[in-house]
Enquirer: 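I have a structure I would like to understand better, so I am pasting it below and will then ask my questions one at a time.
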Amino acid sequence: EGHETTVRSMHYFPDGKRIISGSYDGTARQWDMQSGKEIEKARDVCEWHVEAVAVSRNGRWVITASGDYAHWELKAREVETGIVKTFKGHSQRINCIDICADSTLFASGSVDYTTLIWSLDTGKLVADPFESPDEVGAVRFSRDSKKLAVNSHVSKCLEVWNFDASTLETVGAPFKGHTKVITGLALSFDGALVASASADDTIKLW
């Protein structure tokens, strides 16, 4: 306990000893899994709601997306040094983020109908924006970082894109079948299957 209002996102650290949570109270907080208490010195205070948090698999970076309908911020903090990088490219609030397996790239999905892919080292975009039919609700890299699954929050469909560090190409037609908003995505280890969860009370494999 500690957040003052809704917790929007959570992510484990690679060592399994800590977890980070992002809340509408404008904070991203780290917690000790054994004691259940907040690591207060690691608290990150943002100006707006924290929509999404993610930790790189090498434990080097913590990424937070915060904002409201008039303001937004996307930043990565290096855990050991405290150095902060800010990423500017979206024109509206960021809903979701995902970091690839080798911790070199991450994807961000936004209310502005785009998904952007960034280099954590340079802070720059590595591909043209991927445009969705409406706001992006979730993004997920495959384990080999060669595919990116993106769900359109309102249109109830998802798309999978091949990614080769410079271009994005769709894998077939959009996946349609849910009757309500898609709330979560996951890719299989081999990148052959996508699982989607929806407010229509179903989980589908594609």
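Position 1 is the first residue of the sequence; numbering continues from there.
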Enquirer: The test is side-chain contact (heavy atoms from CB on, under 4.5 Å); show your working for Glu135 and Asn95 and say whether it passes.
Expert: CA-CA 8 Å; Glu135 69 178 75; Asn95 280 335; 3.2 Å; yes
Enquirer: Same hydrophobic cluster for Val139 and Val126, using side-chain heavy-atom links shorter than 4.5 Å among ILVMFWY?
Expert: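 Cluster IDs for Val139 and Val126 match.
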Enquirer: State plainly whether one hydrophobic cluster holds both Phe87 and Ile117, where clusters connect Ile, Leu, Val, Met, Phe, Trp and Tyr through side-chain heavy atoms under 4.5 angstrom apart.
Expert: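 In one cluster with Phe87: Ile117, no.
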Enquirer: Mind telling me whether Phe106 and Trp118 have parallel, tilted or perpendicular rings, with 30° and 60° as the class edges?
Expert: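 It falls in the parallel class, under 30°.
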Enquirer: Taking the side chain as every heavy atom from C-beta outward, state whether Ile203 and Ser196 have any atom pair closer than 4.5 Å.
Expert: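 In short, these two side chains do not touch, never coming nearer than 4.5 Å.
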Enquirer: Quick one: sort the Trp48 and His71 rings into parallel, tilted or perpendicular, breaks at 30° and 60°.
Expert: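 Trp48 and His71: parallel rings.
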Enquirer: Tell me every residue that passes salt bridge (Lys or Arg N to Asp or Glu O under 4.0 Å) with Arg29, counting only those two or more places apart in sequence or in another chain.
Expert: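 Here the qualifying residues are Asp25, Glu38.
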Enquirer: Are any non-hydrogen side-chain atoms of Lys75 and Cys46 less than 4.5 angstrom apart?
Expert: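 The answer is yes, as the side chains (C-beta and beyond) meet within the 4.5 Å cut-off.
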Enquirer: Between Ser103 (side chain only) and Arg57 (backbone N and O only), is there a donor and an acceptor less than 3.5 Å apart?
Expert: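 Flag set: sc Ser103 to bb Arg57 pair under 3.5 Å.
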Enquirer: When you check the side-chain N and O atoms of Asp121 and Ser119, is any donor under 3.5 Å from an acceptor?
Expert: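 There is no such pair between these side chains.
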Enquirer: Listed by chain and number, what are the ring pair (Phe, Tyr, Trp, His ring centres under 6.0 Å) partners of His11, not counting sequence neighbours?
Expert: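 Expected list: none.
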Enquirer: Let me see the working for Asp32 and Arg18 under salt bridge (charged side-chain N to carboxylate O under 4.0 Å, His left out), right down to the final yes or no.
Expert: CA-CA 5 Å; Asp32 182 291; Arg18 288 174 294 162; over 6 Å; no
Enquirer: Would a hydrophobic clustering, with Ile, Leu, Val, Met, Phe, Trp and Tyr connected at side-chain separations under 4.5 Å, put Met33 with Met10?
Expert: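 Linked, Met33 and Met10 end up in one cluster.
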Enquirer: If you look at every heavy atom in Trp61 and Ile83, which pair is closest and at what distance?
Expert: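 Shortest heavy-atom separation between Trp61 and Ile83 comes out as CZ3-O, 4.5 Å.
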Enquirer: Apply side-chain contact (heavy atoms from CB on, under 4.5 Å) to residues Asp44 and Thr64 and explain how you reach the verdict.
Expert: CA-CA 9 Å; Asp44 187 6; Thr64 58; 4.0 Å; yes
Enquirer: Looking at every non-hydrogen atom in both residues, tell me the closest pair between Leu116 and Gly89 and how far apart they are.
Expert: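 Distance-wise, the nearest heavy atoms are CD1-C, 3.8 Å.
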Enquirer: Would you check if Ile63 and Leu74 make a side-chain contact, meaning some heavy-atom pair closer than 4.5 Å?
Expert: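 Contact flag for Ile63/Leu74 side chains = yes.
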Enquirer: Contact between Leu120 and Leu105 at the side-chain level, heavy atoms closer than 4.5 Å - yes or no?
Expert: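 No. Closest side-chain heavy atoms not under 4.5 Å.
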Enquirer: Between Ser23 (side chain) and Thr6 (backbone), is there a donor-acceptor pair under 3.5 Å?
Expert: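 Side chain of Ser23 to backbone of Thr6, a donor-acceptor pair under 3.5 Å: yes, one is there.
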Enquirer: Could you tell me which non-hydrogen atom of Val136 sits nearest to which non-hydrogen atom of Tyr113, and how far apart they are?
Expert: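 Taking Val136 first and Tyr113 second, the nearest heavy atoms are CG2-C, 4.2 Å.
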Enquirer: Heavy-atom distance under 4.5 Å between the side chains of Glu51 and Trp72, does that happen here?
Expert: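 Heavy-atom side-chain distance check fails, nothing below 4.5 Å.
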Enquirer: With a 6.0 Å cut-off (strictly less than), is the heavy-atom count around CD of Glu78, excluding the residue itself, greater than 12?
Expert: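 Yes, CD of Glu78 has more than 12 neighbouring heavy atoms, counting only those of other groups under 6.0 Å.
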Enquirer: So, the side chain of Asp112 versus the backbone of Ser91: is there a donor-acceptor pair under 3.5 Å, distance only?
Expert: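 Yes: the side chain of Asp112 pairs with the backbone of Ser91.
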Enquirer: Taking all non-hydrogen atoms of both residues into account, name the closest pair between Ile94 and His90 and its distance.
Expert: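 Minimum heavy-atom contact is CG1-CD2, 3.5 Å.
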Enquirer: Does Thr179 use its side chain to pair, donor to acceptor, with the backbone of Asp200 at less than 3.5 Å?
Expert: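 No.
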Enquirer: Side-chain contact test, heavy atoms from C-beta onward, threshold under 4.5 Å: evaluate it for Val62 versus Ile20 and give yes or no.
Expert: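 In short, these two side chains touch, coming nearer than 4.5 Å.
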Enquirer: When you group the ILVMFWY residues by side-chain heavy-atom contacts below 4.5 Å and let the links chain together, are Ile97 and Val50 in the same group?
Expert: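 The answer is no; the residues belong to distinct hydrophobic clusters.
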Enquirer: Where do Cys96 and Ala52 come nearest, in terms of heavy atoms and distance?
Expert: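 What the structure gives for the nearest pair is CA-CB, 4.0 Å.
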Enquirer: Does Arg60 come within less than 4.0 Å of Glu80, counting only side-chain N to carboxylate O?
Expert: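 Glu80 and Arg60: not salt-bridged.
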Enquirer: Is there a side-chain contact between Val55 and Tyr12, using heavy atoms and a 4.5 Å cut-off?
Expert: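 No. Closest side-chain heavy atoms not under 4.5 Å.
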Enquirer: For Ser66 and His49, does a side-chain donor sit closer than 3.5 Å to a side-chain acceptor?
Expert: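 The criterion, which ignores hydrogens and geometry beyond distance, is not satisfied for His49 and Ser66.
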Enquirer: Is any side-chain heavy atom of Lys146 closer than 4.5 Å to one of Phe141?
Expert: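 No, side chains not in contact.
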Enquirer: More than 12 heavy atoms of other residues, nucleotides or ligands under 6.0 Å from CG of Leu125: is that the case?
Expert: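 More than 12 heavy atoms, drawn from other residues, nucleotides or ligands, come within 6.0 Å of this atom.
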